[in-house]
Every structure is written in structure tokens, then in C-alpha cells.
Asks: 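Could you have a look at this structure, given as C-alpha cells, before my questions?
Just so it is clear, the model here is predicted, and its values are computed rather than measured. Numbering of residues begins at 1 and proceeds along the displayed sequence.
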Amino acid sequence: MLSTVYSLNPWLVAVVLNTVLLGVAYFAPKKLLTPAGLLHAWVLGVIIWGTLGWRGYAVVMFYFLVGSAVTRIGMAEKEAAGIAEKRSGARGPENVWGSALTGTLCALGTLLPVSVPASIPLVSLLLLGYVASFSTKLSDTTASEVGKVYGKRTFLITTLQPVERGTEGAVSLEGTLAGIVASALIALVAWGVGMINWTGVILCIIAAFIATNLESVIGATLQSKFDWLTNEVVNIINTLIGAGVAILLALAWNYWMPVSV
């Protein structure tokens, strides 16, 4: 029944499904989203299901659930230290789009009937960019939250000088390794549902690592100098870098050894 409705009108399925999930989330005792965040997450969910179907939806749901769980690791300790996410980790509209704007643009781009070059359909590159954006964001979130709680030594990425946990631009071995694992896991989910191949998985992990470290550099050097460079804006830049790096690597890889991504 659902497959029949979906084949006729995926946008109708998207609206119904996300409305039901929004209702469940609204009345759930553990709030992962603010009321406004729920509304914006509904819009995001409709767009993703409408453009990419259940496969794209599975990736973004994996990001949201794992990212929310990671944010709550050691919450009491992080709140006591003043380095916890605001609202005890509940996501607002700014968090929704800071994390998912790049992925949403990639998803919408798949509707364009264009191929460039002919050997690599644009949709394949955009699907790779979509997955890479969420691999990057989950890597960043996991590295930051794990580092805040379990990082034995944290260093400023630009100088490698020891700094307090939670400092903008700080990195730790524990957080970095956790971030790599997180990026690999979500890329494997995307591979499992058929959005990318094994080459794409590797490219997403590499792109996420590069983008996450560049995000730390931005945090250490620029974020405090510009009021408009909020965490959410930095997240958008971070995911754009991740998606862009993955796409550029795919194009370079295709140049030397043509493969689908």
C-alpha cells in the first residue's frame, strides 16, 4: 500500500510520514528538538523524502539520532564545566539548517536533469555531496562532544598548545578518532541503502576528516573576530567544505580511473 502511494506521489508520503513523526516527537518525554526546531525538521524531512526517498531519509535520520545521542554524552559534566550545548542538546531551527542546509541543497539539486561530465551523472556527485555533508557534520559533532568528556589532552589545532576542553579550535586524539568512526558509520549506512559505492565511502571519510579539521582552524582563528560567524554559520561552512571536497575528489578519481560514485 505504502509503496503504491509512494510511487504515485512521494511528496504526499513525505508530508504524512513527517507529520506523524512530528506528533510523536512533540509528545515524547525526552525533547530532542524545540517546538520551532520540530517545525523546521518537518520541512527538512519533507524535502529529503520528496527528493531522495527513504534512502536519503535513512541517512539524515541516522545523523539526527546518533548526533543527538552523542551530544548528551556526559551532559551533566559538560553543563557543570559550561561547555555543553544550549538547551541540554535540544535542537532549534538554527541547528537544523546549520547541520542540514548543504545536504538539502544537494538533495534539491538531484531534481536537475543535467550530467557533467557525461561519464559522471550530476546526480551521483550530488548524492556523494549529500552523504559527505552529513558525514562531516556527524564527525564534527562526535569529535567535539567526545573530546569534551573523554579527551585526556586537548590542543589548539593551530599552535598545538594545550588548552581547556571546549575551547574553540581545540582537538584531542580521543575526539578525532571518534569523529573518524562516526563519519565511517554514516557513510556505511549510505552505502548500505545504495546511495554511494565503496569508493564513495572512502571519499566521505577523507572529506569529513579534512573539513572537520578546517572547521577547527576556523574556530581557532576567525570565529571570535566576527559576530556573524556563529556556530551555525561555521557548521554550514563545514558541511559545504565536506561536500565540496568529496565531489572534487570524485572528479579527480574519475579522471584517473573512471568509476561511479
Side-chain angles (χ1 to χ4, degrees), residues 22 25 31-48 59-73 75 78-79 81-109 129-148 157 165-171 175 179 182-183 186 207-246:
L22 183 146
K31 304 300 182 185
L32 300 180
L33 290 157
T34 66
L38 283 171
L39 178 60
H40 285 257
W42 181 89
V43 174
L44 170 65
V46 169
I47 293 173
I48 297 305
V59 172
V60 74
M61 285 298 292
F62 183 88
Y63 161 74
F64 172 67
L65 294 175
V66 175
S68 296
V70 168
T71 301
R72 292 176 180 273
I73 292 176
M75 181 59 72
K78 289 185 290 188
E79 287 181 333
I83 56 175
E85 293 292 323
K86 58 185 179 182
R87 301 185 297 257
S88 296
R91 264 64 170 177
E94 72 282 7
N95 304 115
V96 171
W97 297 114
S99 301
L101 180 61
T102 299
T104 302
L105 292 176
C106 288
L108 290 171
Y130 174 84
V131 177
S133 72
F134 286 110
S135 291
T136 297
K137 190 64 195 80
L138 187 58
S139 175
D140 173 53
T141 299
T142 303
S144 176
E145 298 302 328
V146 169
K148 289 177 184 178
I157 193 169
R165 296 178 185 178
T167 301
E168 291 292 349
V171 295
S183 67
I186 193 169
F209 180 79
I210 292 172
T212 298
N213 282 284
L214 287 178
E215 189 267 353
S216 295
V217 172
I218 293 172
T221 59
L222 298 176
Q223 192 165 359
S224 62
K225 298 180 181 179
F226 302 98
D227 293 338
W228 58 268
L229 203 57
T230 63
N231 286 337
E232 290 69 40
V233 172
V234 172
N235 285 337
I236 293 173
I237 296 172
N238 184 31
T239 54
L240 279 171
I241 293 173
V245 168

Asks: Please find the pair of heavy atoms, one from A211 and one from T136, that lie closest to each other, and give the distance.
Replies: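 Closest approach of A211 to T136, heavy atoms only: CB-CG2, 3.5 Å.
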
Asks: With side-chain contact (heavy atoms from CB on, under 4.5 Å) as the criterion, how do V43 and W97 come out once you've worked through the C-alpha distance, each side chain's angles and the decisive distance to 0.1 Å?
Replies: CA-CA 10 Å; V43 174; W97 297 114; 4.2 Å; yes

Asks: Set out, in order, the CA-CA distance, both residues' side-chain angles and the distance that settles side-chain contact (heavy atoms from CB on, under 4.5 Å) for K148 and I73, then state yes or no.
Replies: CA-CA 9 Å; K148 289 177 184 178; I73 292 176; over 6 Å; no

Asks: Can you measure from CZ (F62) to CG (L138) and round to the nearest 0.5 angstrom?
Replies: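 These two atoms lie 6.5 Å from each other.
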
Asks: Measure the OG1-CG distance between T239 and D140 for me, rounded to the nearest 0.5 Å.
Replies: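 Those atoms lie 9.5 Å apart.
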
Asks: Looking at residues at least two apart in the chain, or sitting in another chain, which of them share a ring-ring contact (aromatic ring centres under 6.0 Å, His included) with Y130?
Replies: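 Applying ring-ring contact (aromatic ring centres under 6.0 Å, His included) to Y130 gives F134.
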
Asks: Are any non-hydrogen side-chain atoms of T212 and V171 less than 4.5 angstrom apart?
Replies: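 The answer is no; the side chains never approach within 4.5 Å.
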
Asks: When rounded to the nearest 0.5 angstrom, what distance separates CD in E232 from CG in N95?
Replies: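 Interatomic distance, E232 CD to N95 CG, rounded to 0.5 Å: 5.5 Å.
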
Asks: Write down the atom of A220, the atom of I157, and the distance for their closest heavy-atom approach.
Replies: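 For A220 and I157, the tightest heavy-atom pair comes out as CB-CG2, 4.4 Å.
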
Asks: According to the salt bridge (Lys or Arg N to Asp or Glu O under 4.0 Å) rule, which pairs have a member within residues 208-219, sequence neighbours left out?
Replies: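 Every candidate salt bridge (Lys or Arg N to Asp or Glu O under 4.0 Å) pair involving residues 208-219 fails, so no pair, neighbours aside, qualifies.
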
Asks: Would you compute the distance between atom NE2 of H40 and atom CD of E94 and round it to the nearest 0.5 angstrom?
Replies: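 With rounding to 0.5 Å, NE2 (H40) is 9.0 Å from CD (E94).
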
Asks: Shortest non-hydrogen contact from A243 to A132?
Replies: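 Minimum heavy-atom contact is CA-CB, 4.0 Å.
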
Asks: Would you compute the distance between atom OG of S144 and atom CD of E168 and round it to the nearest 0.5 angstrom?
Replies: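 So the gap between those two atoms works out to 8.0 Å.
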
Asks: Under the side chain to side chain contact (heavy atoms under 4.5 Å, CB included) rule, collect the residues that match up with V233, sequence neighbours excluded.
Replies: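 Once residues adjacent in sequence are excluded, the partners of V233 under the side chain to side chain contact (heavy atoms under 4.5 Å, CB included) criterion are W228, L229, T230, I237.
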
Asks: For L38 versus A25, what's the shortest heavy-atom pair and its separation?
Replies: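 Where L38 meets A25 most closely, the heavy atoms are CD2-CB, 3.6 Å.
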
Asks: Within this structure, what is the CG-OG1 distance for the pair L44 and T104, rounded to the nearest 0.5 Å?
Replies: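 Output value for this atom pair is 4.5 Å.
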
Asks: Kindly give the heavy-atom pair with the smallest separation between V60 and I48, and that separation in Å.
Replies: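 Heavy atoms only, the tightest pair is CG1-CG2, 4.3 Å.
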
Asks: Identify, with sequence neighbours excluded, every residue that meets side chain to side chain contact (heavy atoms under 4.5 Å, CB included) alongside L240.
Replies: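 So L240 forms a side chain to side chain contact (heavy atoms under 4.5 Å, CB included) with T102, I236.
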
Asks: Give the intermediate values and the outcome of side-chain hydrogen bond (donor to acceptor under 3.5 Å, both in side chains) for residues T141 and K137.
Replies: CA-CA 6 Å; T141 299; K137 190 64 195 80; 2.8 Å; yes

Asks: Considering residues at least two apart in sequence or located in another chain, which fulfil the side chain to side chain contact (heavy atoms under 4.5 Å, CB included) criterion with I210?
Replies: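 Counting only residues at least two positions away or on another chain, I210 forms a side chain to side chain contact (heavy atoms under 4.5 Å, CB included) with I206, L214, V245.
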
Asks: Where do T34 and G92 come nearest, in terms of heavy atoms and distance?
Replies: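 Scanning both residues, the minimum pair turns out to be OG1-CA, 3.5 Å.
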
Asks: Who are the side chain to side chain contact (heavy atoms under 4.5 Å, CB included) partners of F209, not counting sequence neighbours?
Replies: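 Scan of F209 (side chain to side chain contact (heavy atoms under 4.5 Å, CB included), adjacent residues dropped) gives T176, I180, N213.
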
Asks: Tell me if a side-chain donor or acceptor on S139 pairs with a main-chain N or O of G179 at a distance below 3.5 Å.
Replies: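 Indeed, once roles are kept as given, a pair shorter than 3.5 Å links the two residues.
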
